[in-house]
Chemist: 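Before we start, here is the structure in question, set down as structure tokens.
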Amino acid sequence: MVRKLFQCTAGLLLICLFFLASELFAQGKEKRFLDYRVHKNGKLWVGVTNFGQFGTDRGRGAVWPGSDLPGHEPQYINRGGLFFGGIVPSDETVGPDLNNPGDLDTLVSEGPSAWSAIDYREMYPNYPDERSAIQVRSSLKSSEFYSPDAVSEEDFISVYTDTFLLKNDYSWQTVKHQRPLGIEVVEKSYQFSLPFAEDIVFFDLVVRNIGKNLIRNVYIGFFADNDMGEAGSVNQTDDASGFMNVNSTGDVVNTAWVVEPDGDEGIMAGVVGVRVLRPVEKDGFVSFNWWMSDTQVSSKDDWGPITPNVYTGDPNENDPIGSPEYDPDKYILMSNGSFDEPQFDPVTKEFDPNIPAGAAPNDNSRFMISFGPLGPSETTITDPNDKMNGQTVKIFAPGDSILFTYAIIGGEGDPAIARSLGSFDPASFEDLGVNAFMAGIMFDNPGVDTDEDGYAGDDLDGDGIIDTGDGVPDFKGPPPPPSPILTVTPRDHTITLDWSAADPNSPNYDPSLVDPLNFQDPFISDDPTTPEDESKDFEGFRVLRSPTGILGSFEVLAESDLADNEIGRNTGLQFKYVDHVPNGIEYYYAVVSFDRGAPSFGIETLASSPLGNLTKMTASLMPSKNFSDKPVWVEPNPYIERSGFEDPAFFTNRQIENFRIIDFVNVPSPCTIRIFTVDGDLVTTFKHENPNSSRARWDVKSRNNRPIASGLYIFAVEAQNGETQVGRFLVIK
């Protein structure tokens with residue numbers, strides 16, 4: 001008995017010592033401020049971090065916000081991100097066997113862990129506090145993040161590095177990452193909601209050598225962990241990868257893709273891809289490799305094809321079979337010049353016949369698309385003691401910078417077609433090819449001399465049309481006319497939308513603000529031999545409504561266009577619309593402008609983004625100055641957590657606590673509303689001063705901006721004349 005007691009005590013002591021050591025280790029490490037945001041201004045939602053990772057294990061990587069099944073979110077890439085590889089002289093501190101003349105180290109710093117069995121994240125933001133937070137900018141003047149420096153409707157900006165190794169004598173990184181490359185990355189991502197760009201998110205990087213080493217032959221790659229399925233219940237073993245060299249019209253797009261072979265009953269009808277946009281082919285070469293990953297090295301399910309180097313003919317016999325374990329393995333895949341045959345042929349719908357017998361052919365697919373070698377200068381190694389003697393290499397010296405740009409691209413599919421085929425929609429690959437081509441056009445507009453140095457691109461095929469840009473990013477496409485200035489007014493059972501500020505015949509007309517009728521498209525040239533100005537590209541307006549404000553959820557309530565031309569219905573322009581709706585139901589409204597299209601880009605028509613003048617509004621009785629005959633009441637009452645009362649425009653990456661809503665109905669304007677606990681403690685006070693609404697909205701937070709607890713609450717509404725009404729409501733969480 002005593003012996004057993006001693007054994008138990010010793011065991012508990014060991015456990016206590018283990019947790020104590022863990023705690024001391026954690027105290028010695030300085031935490032980094034890790035941040036995560038989601039691009040939601042387009043149809044393709046993309047998760048972005050401030051540490052070189054794309055998406056998160058528990059968050060979202062690349063998803064569409066819904067299929068034709070309400071509440072379903074198809075997720076294509078769950079987690080991925082950037083790899084940076086290079087060769088440097090060996091470091092004597094690594095080990096005594098690596099300090100001979102001519103020894104070299106192959107290093108790869110990775111944002112995400114490529115293989116969780118042995119890998120760990122190696123990129124971190126600079127600071128342990130909010131100085132490392134992702135910055136947000138927007139070109140939309142209606143946005144709280146508006147900035148004249150914004151490139152897109154939603155810019156995310158972050159800085160991270162691979163150099164954070166030690167703090168207070170405790171190792172921050174694992175043994176594997178004993179030595180960094182010594183790089184800093186400034187990452188900017190851009191998203192546009194325009195129709196031709198709503199399935200594209202750009203990532204523009206400046207990679208700087210902040211260390212002391214001359215890094216040779218840098219390669220940069222994008223790694224994707226393709227956990228495909230419905231977000232929240234992802235099946236990690238059911239996806240397949242491949243590569244699209246050219247699209248259906250013969251345009252070179254070099255896009256890696258991932259697809260769900262069986263379509264998951266129509267939920268996964270589309271396809272998602274990654275395209276490297278900069279540097280271009282003359283500066284290096286692209287490699288594409290895929291593999292199936294397992295938790296055990298060299299198991300039958302841990303396998304990937306071995307493909308010769310298409311540029312040199314090298315058979316690549318030293319390539320890893322399956323998951324790359326260590327830095328040299330990862331660097332081999334990044335630099336091998338391979339274009340692996342697809343894991344799954346989207347035309348024949350057959351899997352790679354070389355997949356080993358007994359292995360699941362679509363088992364937990366991953367891929368790497370990479371580019372290199374990179375470096376601002378080039379030299380030939382002449383040191384006879386150097387293992388690369390005689391080789392010409394690119395050099396990335398301290399202080400040098402490398403520019404790298406890629407895009408996440410979606411190809412949309414029809415869920416009904418996918419269900420009928422028991423697979424994905426084949427048209428999604430056509431759409432992927434179109435969008436990949438458009439990503440290149442937007443990145444560097446052909447024939448546009450952006451830096452005004454006299455060079456605007458090249459005519460590659462000699463047909464007299466400039467096919468390339470000038471090498472300077474534009475991040476622009478054929479723009480639609482701007483959305484008009486919109487005024488939205490609620491009344492009893494009606495919402496009135498008025499954009500007469502764009503009507504030349506209205507006293508409200510103000511061309512100095514926004515003038516869509518006289519919009520000139522810079523992508524369309526005027527023909528001087530005709531009386532018309534062909535660059536003027538406006539056709540009409542559309543009135544849109546949505547219950548959520550999410551792109552893709554808008555219905556067209558009305559459309560009007562110019563009369564007396566050969567385009568559209570020739571209805572004549574309208575500048576006002578009245579929507580008849582029930583009181584108390586919240587809707588999102590927008591009025592967009594549309595044009596005549598851009599035939600040279602294969603675009604029939606373009607409409608401005610609904611986000612340009614998006615307005616949330618609820619029909620209600622007009623408020624009186626004082627109380628009417630109807631009493632004030634609360635909707636909903638009781639308020640029950642997770643019963644649909646949260647703001648529907650927000651979900652997924654933010655705590656739902658931040659978006660709860662309660663309405664006080666039939667209140668006068670102006671008035672003051674106070675909330676108390678049943679014990680008489682003041683919870684909060686706020687004012688209602690909207691002369692057009694008898695509904696006052698509360699975010700269910702205290703005066704300290706904290707979520708309130710479950711319980712019974714008292715409200716008191718005080719009118720301007722001092723009269724007060726009192727009532728109760730219940731909150732259940």
Side-chain angles (χ1 to χ4, degrees), residues 142 144 485-498 500-501 507-508 576 578-589 615-640 643 645-647 657-733:
S142 60
E144 62 177 305
I485 300 295
L486 176 64
T487 301
V488 182
T489 305
R491 291 289 188 271
D492 185 18
H493 290 90
T494 63
I495 301 289
T496 300
L497 287 78
D498 187 326
S500 57
N508 297 325
K576 183 177 289 189
V578 178
D579 190 24
H580 298 272
V581 293
N583 285 349
I585 299 180
E586 188 173 75
Y587 292 102
Y588 291 78
Y589 291 93
T615 305
K616 183 168 57 175
M617 194 58 66
T618 304
S620 69
L621 294 168
M622 291 293 292
S624 60
K625 293 289 185 182
N626 302 306
F627 291 104
S628 63
D629 295 335
K630 292 183 179 181
V632 175
W633 69 88
V634 171
E635 291 182 356
N637 188 9
Y639 179 95
I640 303 174
S643 294
F645 306 132
E646 294 82 9
D647 190 325
E657 282 282 6
N658 294 327
F659 300 100
R660 301 187 185 282
I661 51 177
I662 285 179
D663 280 343
F664 294 85
V665 184
N666 200 39
V667 297
S669 181
C671 70
T672 300
I673 301 173
R674 298 179 176 87
I675 314 294
F676 301 90
T677 66
V678 291
D679 295 328
D681 296 326
L682 179 65
V683 176
T684 191
T685 300
F686 63 98
K687 294 184 180 295
H688 174 67
E689 298 176 322
N690 184 350
N692 296 313
S693 179
S694 60
R695 302 176 72 92
R697 174 148 292 182
W698 179 43
D699 61 5
V700 201
K701 291 183 181 179
S702 72
R703 55 184 171 177
N704 297 322
N705 202 36
R706 304 285 295 177
I708 66 170
S710 297
L712 186 65
Y713 291 86
I714 310 297
F715 69 83
V717 180
E718 182 182 355
Q720 194 174 29
N721 64 358
E723 185 181 356
T724 301
Q725 279 199 23
V726 179
R728 297 180 295 176
F729 63 93
L730 181 64
V731 173
I732 302 174
K733 291 187 175 183

Chemist: To check you understand the geometry: which heavy-atom pair defines the closest contact between Glu689 and Ser669, and what is its length?
Modeler: C-OG, 3.5 Å
Chemist: For side-chain contact (heavy atoms from CB on, under 4.5 Å), just list the numbers for Arg491 and Met622, CA-CA rounded to whole Å, side-chain angles, deciding distance to a tenth of an Å, and then say yes or no.
Modeler: CA-CA 6 Å; Arg491 291 289 188 271; Met622 291 293 292; 3.4 Å; yes
Chemist: Can you tell me how far OG1 of Thr494 sits from CG of Asn583, rounded to the nearest 0.5 angstrom?
Modeler: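 Output value for this atom pair is 8.5 Å.
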Chemist: Going from CD1 on Ile708 to OG1 on Thr684, what distance comes out if it is rounded to the nearest 0.5 angstrom?
Modeler: 10.0 Å
Chemist: Ignoring hydrogens, what is the shortest heavy-atom contact between Pro490 and Thr618? Give both atom names and the distance.
Modeler: CB-O, 3.3 Å
Chemist: Only pairs at least two apart or in different chains count here, so list each salt bridge (Lys or Arg N to Asp or Glu O under 4.0 Å) that has a residue in residues 707-720.
Modeler: Arg674-Glu718
Chemist: Any idea which heavy atoms bring Val667 and His688 closest together, and the distance?
Modeler: CG2-CD2, 3.6 Å
Chemist: Can you list everything that forms a side chain to side chain contact (heavy atoms under 4.5 Å, CB included) with Asn705? Sequence neighbours excluded, please.
Modeler: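 Only Lys701 meet the side chain to side chain contact (heavy atoms under 4.5 Å, CB included) criterion with Asn705.
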Chemist: Without swapping roles, check the side chain of Asn666 against the backbone of Val632 for a donor-acceptor pair under 3.5 Å.
Modeler: no
Chemist: Could you grab the distance from atom CZ of Phe676 to atom OG1 of Thr685, nearest 0.5 Å is fine?
Modeler: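 Spacing of CZ (Phe676) from OG1 (Thr685) equals 6.5 Å.
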Chemist: Examine distances only and state if a side-chain atom of Asn721 and a backbone atom of Glu723 form a donor-acceptor pair shorter than 3.5 Å.
Modeler: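 Yes, the answer is positive, given that a donor and an acceptor are paired below the 3.5 Å cut-off.
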Chemist: In Å and rounded to the nearest 0.5 Å, what is the OG to CG distance from Ser620 to Asn690?
Modeler: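 The OG atom of Ser620 sits 7.5 Å away from the CG atom of Asn690.
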Chemist: How many angstroms lie between atom CD1 of Ile585 and atom NE2 of His493, to the nearest 0.5 angstrom?
Modeler: 9.5 Å
Chemist: For the residue pair Thr489 / Asn692, report whether a side-chain donor-acceptor contact shorter than 3.5 Å exists.
Modeler: no
Chemist: Taking side-chain hydrogen bond (donor to acceptor under 3.5 Å, both in side chains) as the test, write out the residues that go with Lys576, two or more places apart.
Modeler: none
Chemist: Would you mind listing every ring-ring contact (aromatic ring centres under 6.0 Å, His included) that reaches into residues 701-721, with sequence neighbours excluded?
Modeler: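 Those involving residues 701-721 are Phe664-Phe715, Tyr713-Phe729.
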Chemist: Contact between Arg697 and Glu586 at the side-chain level, heavy atoms closer than 4.5 Å - yes or no?
Modeler: yes
Chemist: Between atom CG of Asn637 and atom CD of Glu635, what is the distance when rounded to the nearest 0.5 Å?
Modeler: 9.5 Å
Chemist: How about Gln725 and Pro631: do any of their side-chain heavy atoms sit closer than 4.5 Å?
Modeler: yes
Chemist: Using side chain to side chain contact (heavy atoms under 4.5 Å, CB included) as the criterion, list what pairs up with Leu712, not counting sequence neighbours.
Modeler: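 Val678, Arg728, Leu730.
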Chemist: Is a donor from one side chain sitting under 3.5 angstrom from an acceptor on the other, for Asp498 and Ser500?
Modeler: yes
Chemist: Would you check if the side chain of Ser694 reaches a backbone N or O of Leu621 as a donor-acceptor pair within less than 3.5 Å?
Modeler: yes
Chemist: With sequence neighbours left out, what residues match Val581 under side chain to side chain contact (heavy atoms under 4.5 Å, CB included)?
Modeler: Ile495, Arg545, Asp579, Tyr587, Tyr589, Ala619
